[in-house]
Amino acid sequence: MTIVVLTIVIASTILINFLRKEEIKRVDILVSALKFQQEVDNPNLEVQALLLQIYSSNTTVPVIILDKNDNVIEHKNLPKDVENDSAQIVALAKKMAKSYPPIVIEIAKGDKQIVFYDNSPLLNNLRYSPYILGFFILCYFLFSFWFFRTIKKTDEGYLWAGLAKETAHQIGTPLSSMIGWMEIMKLDDPESEGIHEIEKDIDRLKTISERFSKIGSVPELNDKDFNATIQENYDYLKTRISRKINFGLHLPAYTISVPHNRILMSWVIENLVKNAVDAMKGEGSISMSVIERNKNIVVEVQDTGSGMTKQQALNAFKPGYSTKKRGWGLGLSLAKRVIQEYHNGDIRIAQTEVGKGTTFRITIKKA
């Protein structure tokens, strides 16, 4: 496609230059004929016929002949809205004089005729051709950039989806075995506190496996009670993070109804909280709040961690980018996909400052 576009551009440029040169040649011939008529006092009939033929063959170059008092003697190839108005013809002649110097033809008794001429409409229009071609070339390259970027994103999407589904499959095998052993352990001591805690973690592993299995497919947004989803995540995460971290939740007193997928939304919240914990190195404060703002629901996760530089904030949601020595850098990337593609919302870094912390903001439209 690029070769075709370049070929068209080169061919168009050659054609434009050829037409411009041909037009200039025709103007030069006409000017030479008029000059010859000026220099020869009594041309013979053949010369007069040749001059008349040159003049008649001109069907594109606009020509105006005035006398010394600016009276119109002859004109040719003028716009239709001008050719019947003497005042406009004279004004047009003065305008032509700014492009090409007029030719003065001396005639008998000291009179003279002044010839004004200009480029043909075709040649004038050709001046804009490079700009038009440039515009189309720019559009072509912008389209090409968008096209290749879209393909790249699509390939990345398939890659992450395949990776997620494979992870879900790999988790499923040992998880099934763990469930079986758990049932055997219950036979010996069904009321064991340790067994109950392990059951909770097994249920969590089931949830994680289900999360990964949903990546790459269109999830159903069947859950409505947004408060319950956030509260459930808060209760689980609070028991799993360090006691040196002050973890707070602020929910509206009334129920918020937002179509969402509870499993995937929980994944997003968990990713943000875990990133906050890592940024604080196990000590600090995390505040999670839900706010109703106009027709949107806003979720903010604020920490007192190390914060980010501008460059880190710009790259935070890119697949594979991570400021940690360990990790694949997929958490925030997948969180962005869950919010933007599945919930038609937005997730961004609302505020960050090195040494003072970061605030992530999720915005989702209400039902």
Side-chain angles (χ1 to χ4, degrees), residues 142 145-146 148-161 163-164 167 208 211-212 215 230 233-234 236-238 240-250 264-291 293 296-365:
L142 289 175
F145 175 77
W146 170 83
F148 285 115
R149 187 176 181 183
T150 301
I151 290 178
K152 183 180 178 182
K153 284 188 175 181
T154 302
D155 290 342
E156 288 178 351
Y158 285 131
L159 176 62
W160 302 133
L163 178 62
T167 302
I208 292 171
R211 288 174 182 172
F212 279 107
I215 296 297
I230 300 299
N233 272 268
Y234 171 77
Y236 173 79
L237 292 170
K238 189 175 182 179
R240 294 300 190 272
I241 62 178
S242 172
R243 293 183 179 181
K244 294 181 180 181
I245 294 178
N246 182 23
F247 192 13
L249 173 64
H250 305 281
L264 292 181
M265 188 59 63
S266 299
W267 192 7
V268 173
I269 298 301
E270 186 174 324
N271 268 311
L272 296 183
V273 171
K274 285 185 175 180
N275 271 281
V277 172
D278 291 339
M280 294 185 297
K281 298 180 180 179
E283 187 172 358
S285 297
I286 301 175
S287 175
M288 188 162 60
S289 58
V290 178
I291 307 166
R293 186 175 297 166
N296 297 321
I297 299 301
V298 177
V299 181
E300 289 191 348
V301 178
Q302 184 177 10
D303 66 64
T304 57
S306 57
M308 302 182 191
T309 65
K310 290 183 178 180
Q311 188 63 34
Q312 288 173 337
L314 288 173
N315 295 322
F317 292 100
K318 291 183 178 179
Y321 180 80
S322 177
T323 58
K324 295 175 287 187
K325 293 182 179 180
R326 302 181 68 179
W328 288 4
L330 298 180
L332 290 179
S333 173
L334 291 172
K336 182 178 181 180
R337 180 168 183 170
V338 167
I339 296 298
Q340 290 188 343
E341 296 185 17
Y342 298 155
H343 291 85
N344 196 28
D346 181 59
I347 181 171
R348 64 181 61 191
I349 297 173
Q351 186 276 332
T352 186
E353 187 175 350
V354 176
K356 293 188 176 181
T358 301
T359 300
F360 284 89
R361 179 178 296 158
I362 300 170
T363 304
I364 301 176
K365 291 182 180 180

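In terms of heavy-atom proximity, Lys336 sits nearest to Ile347 at CA-CG2, 3.6 Å. Minimum heavy-atom separation, Glu270 to Leu237: CG-CD2, 3.8 Å. Between Ala313 and Thr352, the shortest heavy-atom distance links the atoms CB-CG2, 4.3 Å. Closest approach of Val298 and Glu300 over heavy atoms only: CG1-CG, 4.0 Å. In terms of heavy atoms, Gly307 sits closest to Thr358 at CA-OG1, 3.5 Å. Annotation for Gly284 and Thr304: closest pair CA-OG1, 3.6 Å, computed over non-hydrogen atoms.
A distance of 11.0 Å separates CE in Met308 from CG in Leu314, rounded to the nearest 0.5 Å. Separating the NE2 atom in His343 from the CZ atom in Arg337 is a distance of 13.5 Å, to the nearest 0.5 Å. Here the CD1-CD1 distance, from Ile364 to Ile297, works out to 8.5 Å after rounding to the nearest 0.5 Å. Annotation: the span from Arg361 atom CZ to Leu272 atom CG amounts to 13.0 Å, rounded to 0.5 Å. If you take CG on Leu332 and CZ on Phe360, they are separated by 5.0 Å, rounding to the nearest 0.5 Å. Atoms CE and CG, on Met288 and Asp303 in that order, are 13.0 Å from each other to the nearest 0.5 Å.
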Show your reasoning for whether side-chain contact (heavy atoms from CB on, under 4.5 Å) applies to Ile286 and Met280. CA-CA 9 Å; Ile286 301 175; Met280 294 185 297; 3.1 Å; yes
I would like to know whether Ile339 and Met265 meet side-chain contact (heavy atoms from CB on, under 4.5 Å); could you show each step before the answer? CA-CA 8 Å; Ile339 296 298; Met265 188 59 63; 3.9 Å; yes
Assess whether side-chain contact (heavy atoms from CB on, under 4.5 Å) is satisfied between Asn271 and Leu334, documenting all intermediate values. CA-CA 9 Å; Asn271 268 311; Leu334 291 172; 5.6 Å; no
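Listed for the Tyr234 side chain is a donor-acceptor partner under 3.5 Å among the backbone atoms of Phe247.
The local environment of CZ in Arg348 is sparse, with at most 12 non-hydrogen atoms from other residues, nucleotides or ligands closer than 6.0 Å.
Partners of Lys238 by salt bridge (charged side-chain N to carboxylate O under 4.0 Å, His left out), not counting sequence neighbours: none found.
Within the structure, side chain to side chain donor-acceptor pair (under 3.5 Å) pairs that include any residue of residues 279-291 do not occur (at least two apart or interchain).
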